Amino acid sequence: MKTIDELLAEGVAGKRVFVRADLNVPLDGTTITDDGRIRAVLPTISKLAEAGARVVVASHLGRPKGAPDPAFSLAPAAARLGELLGADVAFATDTVGDSARAAVAGLADGQVAVIENLRFNAGETSKDDAERAAFADQLAELADVYVGDGFGAVHRKHASVFDLPARLPHYAGYLIATEVGVLKKLTTDVKRPYAVVLGGAKVSDKLGVIDHLLERADRILIGGGMAYTFLKAKGYEVGSSLLQEDQIPAVREYLSRAEEKGVEFVLPVDVVVAPAFPDLKTKAPAHPTTVAADAMPEGQMGLDNGPETNKLYASKLADAATVFWNGPMGVFEHPDFADGTRAVAQALVDSPAFSVVGGGDSAAAVRILGFDENAFGHISTGGGASLEYLEGKTLPGLAALED
């Protein structure tokens with residue numbers, strides 16, 4: 001695929017460059033609680049603007065139902081982008097209507113505009129090829145060149161990700177080039193030992209990547225809500241913890257395959273439990289207790305790894321040469337259940353391994369828990385995209401950037 005450096009060498013002064021970014025930031029009302037994804041696309045936008053391009057930035061935010069919804073407006077992201085660029089950023093209140101056309105027409109060389117949430121138009125996410133294509137045609141009228149830099153969306157077959165690049169000269173931005181380069185280090189010529197840490201709520205979200213990594217990883221550490229399906233598969237009682245009963249046969253198969261292949265599966269040996277899921281707004285004390293993983297009492301919910309598990313996981317990461325981590329170890333948003341996630345993050349900081357934090361909640365946890373992002377090898381902006389890449393899937397947004 002062609003890169004933005006090739007585009008810059010060709011010259012972009014006066015050209016309208018459509019940058020498909022990922023500005024899907026978490027919001028508390030209109031307040032951005034983590035601007036990491038905006039900062040991640042800054043190098044691409046800044047370089048284009050400095051070279052005299054008229055930059056049109058587009059993104060989705062959240063999951064609106066194909067119609068305008070003020071709760072999902074990109075206005076806060078546009079304002080924050082302007083602050084980070086140190087320049088005025090125009091904001092269009094629609095995607096391809098009068099406001100968008102006026103905002104783009106009003107750009108001078110080196111200026112930036114953000115158009116409203118792409119998912120306010122049903123054509124963006126439509127499964128109907130013709131409807132998506134019609135929206136892509138309208139978007140194409142806003143630009144002369146396409147730059148894909150929204151890595152968090154490249155696994156989606158959406159109009160702005162998949163269909164639009166076919167209508168314009170297309171290039172990969174700095175973020176996508178970096179993300180793909182990092183993921184190649186996790187799939188080809190991997191330095192060993194290669195350890196993978198998987199957490200999050202559901203086993204079903206990780207089945208594909210576990211299946212793929214059983215052929216590649218040396219050890220797989222499991223935490224988060226998904227751990228309780230693994231513990232149940234081993235015959236343990238898990239109280240009222242999150243459990244996917246229908247996934248137990250698949251989990252047993254993976255545990256058996258791992259043993260056959262010599263891949264070490266590491267599960268919690270103790271867990272932090274509470275009678276109910278904690279209140280994440282008030283952060284009220286949740287009255288946690290720590291119990292052995294094979295002795296969880298009825299009516300108690302597992303919500304984090306326990307201290308012995310934290311020590312065990314740190315030891316399993318200490319000698320690794322490569323680590324991929326996707327998914328928190330517990331309900332890290334509440335102080336009573338953040339230690340497991342904090343312990344994994346600290347273990348990666350302390351390890352000499354090339355460490356990749358696989359986007360999503362893991363990336364948010366690193367920031368929320370106060371870690372220096374530069375202490376990790378790479379923090380991805382796309383959790384789902386990273387997982388699908390590691391599963392060996394073809395990602396529509398990357399395929400669309402190939403020539």
Side-chain angles (χ1 to χ4, degrees), residues 3 36-37 39-40 43 149 151-152 154-155 172-200 206 208-224 258 261-266 310-329 340-367 369-393 395 398:
T3 67
R37 283 176 170 160
R39 288 185 285 110
D149 215 29
F151 181 74
V154 293
H155 58 314
Y174 291 122
L175 176 60
I176 279 186
T178 298
E179 295 273 13
V180 171
V182 165
L183 288 169
K184 284 181 178 177
K185 292 183 181 180
L186 301 178
T187 52
T188 58
D189 299 324
V190 181
K191 292 184 178 179
R192 298 185 179 279
Y194 178 17
V196 176
V197 187
L198 297 175
K206 305 290 197 301
V209 75
I210 293 172
D211 183 67
H212 206 66
L213 289 169
L214 278 173
E215 306 295 329
R216 291 160 177 79
D218 297 301
R219 62 187 70 129
I220 301 175
L221 287 60
I222 302 292
K261 292 178 176 297
V263 177
E264 186 179 10
F265 247 107
V266 189
N310 295 340
K311 293 177 188 174
L312 172 65
Y313 284 20
S315 72
K316 296 295 182 180
L317 297 173
D319 69 339
T322 305
V323 181
F324 174 70
W325 170 31
N326 180 280
M329 298 293 98
T341 303
R342 183 181 290 108
V344 167
Q346 187 63 54
L348 296 192
V349 170
D350 295 340
S351 169
F354 174 67
S355 57
V356 178
V357 181
D361 287 340
S362 310
V366 163
R367 299 181 185 106
L369 296 176
F371 287 90
D372 180 359
E373 295 178 44
N374 295 320
F376 302 86
H378 178 69
I379 297 179
S380 178
T381 57
S386 296
L387 287 176
E388 291 199 16
Y389 188 99
L390 292 182
E391 286 179 42
K393 290 184 177 180
L395 305 188
L398 297 185

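The chain is numbered in sequence order, starting from 1. For clarity, every value in this text was computed on a predicted model and none was experimentally measured. Basis for what follows: all heavy atoms, side chains included, without hydrogens, waters or symmetry-related copies.
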Single hit among E373, K185, E179 for side-chain hydrogen bond (donor to acceptor under 3.5 Å, both in side chains) with H378: E179
Between [X] and [Y], what is the shortest heavy-atom contact and its length?
| X | Y | value |
| --- | --- | --- |
| A347 | L317 | CB-CD1, 3.8 Å |
| P352 | A318 | CD-O, 3.8 Å |
| T341 | A365 | CG2-CB, 3.7 Å |
| L214 | K261 | O-CD, 3.5 Å |
| A345 | F376 | O-CE2, 3.7 Å |

Roughly how far, to the nearest 0.5 Å, is [atom2] of [Y] from [atom1] of [X]?
| X | Y | atom1 | atom2 | answer |
| --- | --- | --- | --- | --- |
| T381 | L175 | OG1 | CG | 4.0 Å |
| Q346 | N310 | CD | CG | 11.5 Å |
| W325 | Y313 | CH2 | OH | 13.0 Å |
| I210 | L387 | CD1 | CG | 10.0 Å |
| L390 | R216 | CG | CZ | 9.0 Å |

Any donor-acceptor N/O pair, [X] side chain to [Y] backbone, under 3.5 Å:
| X | Y | result |
| --- | --- | --- |
| Y194 | L213 | no |
| Y174 | T3 | no |
| S380 | V357 | no |
| T322 | R192 | no |
| D361 | P328 | no |

Close side-chain approach of Y389 and K184, heavy atoms under 4.5 Å: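 The answer is yes, as the side chains (C-beta and beyond) meet within the 4.5 Å cut-off.
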Lys NZ or Arg CZ of K191 over F354 ring: under 6.0 Å, within 45°: no
